[in-house]
Amino acid sequence: MHTPVLQSRLPNVGTTIFTVMSALATETGAVNLGQGFPDFDCDPKLVDAVTQAMQRGQNQYPPMTGVPVLREAIAAKVQALYGHAYHPVTDITVTAGATQAILTAILAVVHPGDEVIVLEPCYDSYVPNIELAGGVVVRVPLTPGNFRPDFDKIAAAITPRTRALIINSPHNPSGTVWSREDMLKLQDLLEPTDVLLISDEVYEHMVFDGQQHQSAARFPGLAARAFIVSSFGKTYHVTGWKVGFVAAPASLSAEFRKVHQFNVFTVNTPVQYGLATYMADPAPYLGLSDFYQRKRDLFRAGLAQTRFKLLPCEGTYFQCVDISALGVPERALPEADFCQWLTREIGVAAIPLSAFYGNGFDQHVVRFCFAKKDETLNAALQRLARL
Ligand SMILES: Cc1ncc(COP(=O)(O)O)c(C=O)c1O
């Protein structure tokens, strides 16, 4: 018997750092502030709404693009918040989370040899997605230290072969939020080009200190060329449900849907109906920034008592810290080794920022996730106080 040997489509991909650190946290009993997911449950009303949909018998295939009531609710929300009218029939597609949405958008638009620009540090699925499409990954760094976009560098990376640019605000891992000026600059930069925009906005409802989320939908020149991606998992504390959506002009959505229908075809029915019912009340997503800002403040206040240097956190549920002033010799380790040590010896799991760079760029910064119960955050802070 013989199993044929494969030539890997993704030779550089191994087990993700998130899986590794979560497994290590479980093995060692560490407080897991590594992988980004809440350790508290969602609103029981949302579970009720999904349960009722199942009990009503809404259990068979929905339309390929998503159930109409959910697409209508999404279009209404985007219009109310960002002032752009997406047509629920032609412009909104419900996806199996943001991850599938991003892969599908890339497969739909990138031909072999096309260049796609990513801004590093970036979410780990972007690069393998581009490689699967046969695209060429063009890495542009966000400015080290403050993680702001460097528009001169982005402009220099654009060539006649550039098919798309992927942006992400609020930004994982750094917690930065692009300003209106940033988006206007981007709009001007892309205006004379045919570059498409994939705007990963999964943390759209987690923006702090009175700032506003600057969705690409607010900027007509960007909206006209953008696939805007969001995730109900992040917004409603249900990361395991894997439901998100893409909003894009009809001509872009049409190509997106060609790939979508032969990829997942569609997304599970009762969750879609449940989400549509639950979305009728805007309070949960309108209140999310305050909810997470309070957790951010609790966590930052605790860390301020340690020698971790806090980086700004304007949005998301991630707090980055510089480890170079810690009072232990392990501060000099590479970030990834430091995170292993922190998990094993101090009992708190974190993610090294180097994991978000193609070349493993090490700047002595690690990321904690604060989407946790207060008691979890306090337990972590108690352990980190030793540093
Ligand atoms: C920036 C970013 N994009 C996309 C995703 C994936 O979202 P989903 O769980 O809806 O696939 C995540 C999840 O961590 C993320 O941080």
Side-chain angles (χ1 to χ4, degrees), residues 16-22 32-39 42 46 66 70 74 92-107 116-130 142 147 149 164-178 197-207 213-216 226-247 256 260 263-264 267-268 271-272 275 285 288 292 313-320 349-353 355-357 367-372:
T16 74
I17 184 75
F18 308 102
T19 307
V20 171
M21 293 311 298
S22 281
N32 189 358
L33 304 191
Q35 202 172 0
F37 61 87
D39 72 343
C42 64
L46 178 54
L70 181 56
I74 293 166
I92 305 280
T93 309
V94 179
T95 62
T99 310
Q100 182 243 317
I102 295 163
L103 172 63
T104 302
I106 290 171
L107 290 176
V116 181
I117 300 174
V118 299
L119 307 181
E120 286 192 324
C122 67
Y123 186 60
D124 64 342
S125 75
Y126 302 164
V127 166
N129 286 182
I130 297 163
L142 294 163
F147 302 100
L165 162 69
I166 308 180
I167 64 169
N168 169 220
S169 173
H171 182 241
N172 175 16
S174 75
T176 49
V177 171
W178 286 33
L197 183 66
I198 297 175
S199 186
D200 180 344
E201 304 186 9
V202 299
Y203 300 104
E204 62 178 319
H205 298 298
M206 303 171 202
V207 177
H213 171 57
Q214 298 297 336
S215 172
F227 292 93
I228 295 176
V229 177
S230 190
S231 168
F232 291 107
K234 309 289 179 189
T235 302
Y236 290 146
H237 316 308
V238 286
T239 57
W241 288 8
K242 297 298 294 184
V243 181
F245 68 86
V246 166
F256 179 94
H260 178 78
N263 178 356
V264 288
V267 176
N268 87 74
V271 167
Q272 291 196 56
L275 285 167
Y285 59 81
L288 198 66
Y292 275 122
C313 170
E314 302 172 319
T316 74
Y317 47 47
F318 299 114
Q319 173 65 56
C320 286
I351 300 288
L353 242 67
F356 298 81
Y357 290 87
R367 187 199 81 177
F368 292 116
C369 170
F370 57 79
K372 306 293 169 191

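Values below: every heavy atom of this structure, side chains too, minus hydrogens, waters and symmetry copies. Just follow the structure's listing: the first ligand is 1, and inside any ligand the first atom is 1.
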Original post:
Could you walk me through whether Thr95 and Gln100 pass the side-chain hydrogen bond (donor to acceptor under 3.5 Å, both in side chains) check?
Top reply: CA-CA 6 Å; Thr95 62; Gln100 182 243 317; 4.5 Å; no
**OP:** Please work out whether the ring planes of His205 and Tyr285 are parallel, tilted or perpendicular, with thresholds of 30° and 60°.
**Re:**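 The arrangement is tilted - the two ring planes meet at 30° to 60°.
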Original post:
Parallel, tilted or perpendicular: which fits the ring planes of His237 and Tyr292, with parallel below 30° and perpendicular above 60°?
Top reply: perpendicular
**OP:** Tell me, please: is His171 in heavy-atom contact with ligand 1, that is, under 4.0 Å?
**Re:**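 No, that is not the case, since the closest heavy atom of the residue is not under 4.0 Å from the ligand.
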[atom]: which protein heavy atom is closest, and how many Å away?
{"atom": "atom 14 (O) of ligand 1", "value": "Lys234 NZ, 2.6 Å"}
{"atom": "atom 7 (O) of ligand 1", "value": "Ala98 CB, 3.4 Å"}
{"atom": "atom 16 (O) of ligand 1", "value": "Tyr203 OH, 2.6 Å"}

[X]: numbered ligand 1 atoms lying under 4.0 Å from its heavy atoms:
{"X": "Gly97", "value": "10 (O), 11 (O)"}
{"X": "Asn168", "value": "1 (C)"}
{"X": "Ser231", "value": "8 (P), 10 (O)"}

Original post:
Thr176 and Glu314: side-chain donor and acceptor closer than 3.5 Å?
Top reply: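 No, no side-chain donor-acceptor contact under 3.5 Å.
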Subject >> Pair Asn263, Thr104: side-chain N/O donor-acceptor within cut-off below 3.5 Å >> reply: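 Yes, because at least one side-chain N or O of Asn263 sits under 3.5 Å from a partner of the opposite role on Thr104.
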Subject >> Shortest heavy-atom approach to atom 4 (C) of ligand 1 - which of Asp200, Thr239, Asn172, Val243 >> reply: Asp200
Check [X] against ligand 1 and report side chain, backbone, both or neither, counting heavy atoms closer than 4.0 Å.
{"X": "Lys242", "answer": "side chain"}
{"X": "Thr99", "answer": "both"}
{"X": "Phe232", "answer": "neither"}

Subject >> Aromatic contact, Tyr317 with Phe370 (centres under 6.0 Å) >> reply: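 Not close enough - the centres of the two rings lie 6.0 Å or further apart.
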Original post:
Passes side-chain hydrogen bond (donor to acceptor under 3.5 Å, both in side chains), Thr16 versus Thr19? Steps please.
Top reply: CA-CA 5 Å; Thr16 74; Thr19 307; 3.1 Å; yes
Subject >> Test: Lys372 cationic atom under 6.0 Å from Phe37 six-membered ring centre, within 45° of axis >> reply: yes
